[in-house]
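Encoded as structure tokens, the structure appears first; notes follow it.
The chains referred to below are lettered A, B, ... by the order of the sequence lines, with proteins before strands, and numbering in each begins at 1.
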2 protein chains.
Amino acid sequence: MSLPEKTVERLSEYRRTLLDCLNQGKSHIFSHELAALLHNTAVQVRRDMMLMGFTSMQRKGYAIKELIEAIGELIDTSEGLNVAVIGVGNLGRAITGYFQGKRSKLNIVATFDIDPEKIGRMIAGVKCYSLDDFPKLVGDLQISIAILTVPPEHARNIADFVASSGIKGIQNFTTAPLNMPPHVYLEEYDMITSLEKIAYFVKNHQG
Amino acid sequence: MSLPEKTVERLSEYRRTLLDCLNQGKSHIFSHELAALLHNTAVQVRRDMMLMGFTSMQRKGYAIKELIEAIGELIDTSEGLNVAVIGVGNLGRAITGYFQGKRSKLNIVATFDIDPEKIGRMIAGVKCYSLDDFPKLVGDLQISIAILTVPPEHARNIADFVASSGIKGIQNFTTAPLNMPPHVYLEEYDMITSLEKIAYFVKNHQG
DNA sequence: GATGTAATGTTATATTAATAACAATGTTTA
DNA sequence: TAAACATTGTTATTAATATAACATTACATC
């Protein structure tokens with residue numbers, strides 16, 4: 001029924017690359033061309049197209065505009081998806097700024113913190129609210145995804161609190177591993193682990 | 001010969017959790033205890049232990065101190081590994097600050113930018129150099145890993161430049177997909193893709 | 001000392017993902 | 001119009017990863 005995780009990741013990357021192509025005036029693209037722009041193979045591209053049920057124009061390649069739309073239909077929701085950043089430290093601030101104006105269908109609509117100094121301020125154009133008001137604002141602002149950038153020692157509690165407020169997905173940037181109920185889609189990214197992994201493979205020098 | 005990627009990732013996570021346990025006065029830990037602290041299973045833990053060739057004290061569980069050291073021998077180098085952050089935007093700054101004093105064997109020793117305003121300044125205690133000086137400083141400061149946080153339109157060129165200076169590993173935080181020679185270990189993390197993936201699975205509500 | 005038990009290390013199976021193989025189709029070129 | 005070619009969609013194979021199954025060990029208890 002639903003697509004493999006890795007395929008979804010690639011679709012997101014395809015779309016971004018395809019938008020560039022469209023801006024350059026291209027209307028169609030071959031599987032091997034798209035593959036070359038990313039770092040994978042033509043077979044992989046074709047297989048992903050097959051999995052999402054998208055077919056090319058024979059001998060002309062894939063119609064770029066249509067493909068972008070097809071990917072959008074899978075990933076985007078018509079109304080767009082609203083995102084909150086929990087924890088306005090350096091990382092939270094950086095992420096909020098990073099996303100501003102990047103993607104139209106994924107909007108960071110609020111940030112949250114417990115520090116009275118920060119509450120009420122604007123962070124890269126987005127207002128910072130008290131974490132206490134989160135449950136109410138989830139409804140008011142239609143927030144469905146939370147990005148967690150709090151100190152690791154508070155991550156579990158805050159994640160549980162956030163999850164119980166009706167959030168559908170959490171992106172965890174803290175080093176604390178979380179345990180979420182099955183109705184919350186959890187994605188974790190651990191910078192330190194990521195770097196230590198590089199260190200291991202650098203040490204055992206195999207690229 | 002070398003461990004599977006996923007196992008290496010988990011070893012990094014095990015170690016961090018084990019350090020907490022050690023600080024709490026524990027000396028041994030069972031596979032199911034460690035599994036409960038992270039979000040995986042006892043079998044997975046035992047299999048990882050097997051793969052790294054670490055055995056427990058019969059009936060007492062794994063010796064925490066020894067296990068931490070064993071993981072260290074795999075991941076760390078005795079001299080430590082020096083890391084550079086390329087691109088001192090919000091994200092670069094956040095990452096630099098984030099790592100300060102976190103892990104003793106992975107040190108961010110320099111940041112680089114092309115903006116004359118930033119060059120010479122200190123970023124979270126780390127000096128910012130001109131990117132032009134990178135090849136020289138790689139040798140002087142023994143840098144082996146580069147974290148890339150530059151604007152996506154410059155990512156490819158800068159990555160090639162950085163790779164040709166003798167870097168062994170790159171962590172790419174830009175949205176531009178990179179193509180590196182085989183002797184450079186490349187790890188990519190794309191925040192937007194990550195969030196769009198969450199959006200997809202939230203939309204197709206299956207946790 | 002025999003029996004039950006808790007935990008391990010390892011082999012076997014299932015799942016997921018990537019790669020390869022190849023027939024089908026339409027285009028070009030002779 | 002026939003032959004060669006480029007490109008696709010799909011099935012088949014391989015590789016990587018996670019999960020399950022299970023024999024083994026040593027300790028505790030009777």
Side-chain angles (χ1 to χ4, degrees), chain A residues 1-14 26-64 66-67 70 177 185-188 193 197 200-201 204 206-207, chain B residues 1-14 18 21 26-64 66-67 70 177 179 182 185-188 193 197 200-201 204 206-207:
Chain A
M1 176 68 241
S2 77
L3 297 169
E5 287 205 18
K6 299 289 177 185
T7 294
V8 175
E9 286 180 20
R10 281 189 299 265
L11 292 185
S12 161
E13 285 158 18
Y14 293 159
K26 266 179 95 78
S27 73
H28 291 75
I29 193 166
F30 294 122
S31 59
H32 63 265
E33 288 180 300
L34 186 52
L37 290 172
L38 300 144
H39 40 296
N40 63 5
T41 66
V43 195
Q44 182 80 82
V45 170
R46 292 207 303 274
R47 205 161 200 298
D48 288 334
M49 292 305 107
M50 184 198 119
L51 287 171
M52 69 180 283
F54 192 84
T55 70
S56 74
M57 309 218 59
Q58 273 287 9
R59 282 252 132 178
K60 293 234 172 69
Y62 300 93
I64 293 177
E66 283 76 3
L67 181 48
Y185 185 84
L186 176 64
E187 174 81 8
E188 309 206 85
T193 287
K197 179 173 148 193
Y200 172 84
F201 285 107
N204 298 46
Q206 60 133 255
Chain B
M1 176 67 241
S2 77
L3 297 170
E5 287 205 18
K6 298 289 178 186
T7 295
V8 174
E9 285 179 21
R10 282 189 298 268
L11 292 186
S12 162
E13 285 157 18
Y14 294 159
L18 289 167
C21 294
K26 268 179 95 77
S27 73
H28 291 74
I29 192 165
F30 294 123
S31 58
H32 63 266
E33 289 178 300
L34 185 51
L37 290 173
L38 300 145
H39 40 295
N40 62 3
T41 66
V43 196
Q44 182 80 82
V45 171
R46 293 207 301 275
R47 205 158 201 302
D48 288 335
M49 294 302 108
M50 184 198 118
L51 287 171
M52 69 181 282
F54 192 83
T55 71
S56 75
M57 308 219 59
Q58 273 286 8
R59 284 251 130 176
K60 293 230 172 70
Y62 300 92
I64 293 176
E66 282 77 2
L67 182 48
N179 239 319
Y185 184 85
L186 175 65
E187 174 82 7
E188 310 206 83
T193 287
K197 179 174 148 192
Y200 173 83
F201 285 107
N204 298 46
Q206 59 132 257

Counting C-beta onward and ignoring hydrogens, is there a side-chain heavy-atom pair between [X] and [Y] closer than 4.5 Å?
| X | Y | answer |
| --- | --- | --- |
| A/Tyr14 | A/Leu67 | no |
| B/Tyr200 | A/Leu11 | no |
| B/Arg10 | B/Leu38 | no |

Rounded to whole Å, please give me the gap between [atom1] in [X] and [atom2] in [N].
| X | N | atom1 | atom2 | value |
| --- | --- | --- | --- | --- |
| A/Arg46 | C/dT19 | CZ | C1' | 11 Å |
| A/Met50 | D/dT10 | CE | C1' | 6 Å |
| A/Lys6 | D/dA16 | NZ | P | 14 Å |
| A/Leu11 | C/dA17 | CG | P | 13 Å |
| B/Met57 | C/dT8 | CE | P | 13 Å |
| A/His39 | C/dA18 | NE2 | P | 12 Å |
| A/Arg47 | D/dG9 | CZ | P | 13 Å |
| B/Leu51 | D/dA18 | CG | C1' | 12 Å |

Side-chain N or O of [X] less than 4.0 angstrom from OP1 or OP2 on [N]?
| X | N | answer |
| --- | --- | --- |
| A/Ser31 | D/dT8 | yes |
| B/Thr41 | D/dA18 | no |
| A/Arg10 | C/dA18 | yes |

5' priority, DNA chain C, between B/His32 and A/Pro4 [closest heavy atom]
B/His32
Assign each of A/Thr55 and A/Arg59 to its nearest nucleotide of DNA chain D by heavy atoms, then name whichever residue's nucleotide is nearer the 5' end.
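Its nucleotide being nearer the 5' end, the pick is A/Arg59.
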Under 4.0 Å, counting only non-hydrogen atoms across every strand here, what does A/Thr7 touch: a base, just sugar-phosphate, or nothing?
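Since no nucleic acid heavy atom lies under 4.0 Å of A/Thr7, the category is nothing.
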For the side chain of A/Glu33 and the backbone of A/Phe30, is there at least one donor-acceptor N/O pair under 3.5 Å apart?
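Checked: pair present.
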Ignoring hydrogens and geometry, is there a side-chain-to-backbone donor-acceptor pair from A/Tyr62 to A/Met49 under 3.5 Å?
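No; zero donor-acceptor contacts below 3.5 Å.
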The side chain of A/Gln44 is closest to which nucleotide in this list: D/dT8, D/dT19, C/dT19?
C/dT19
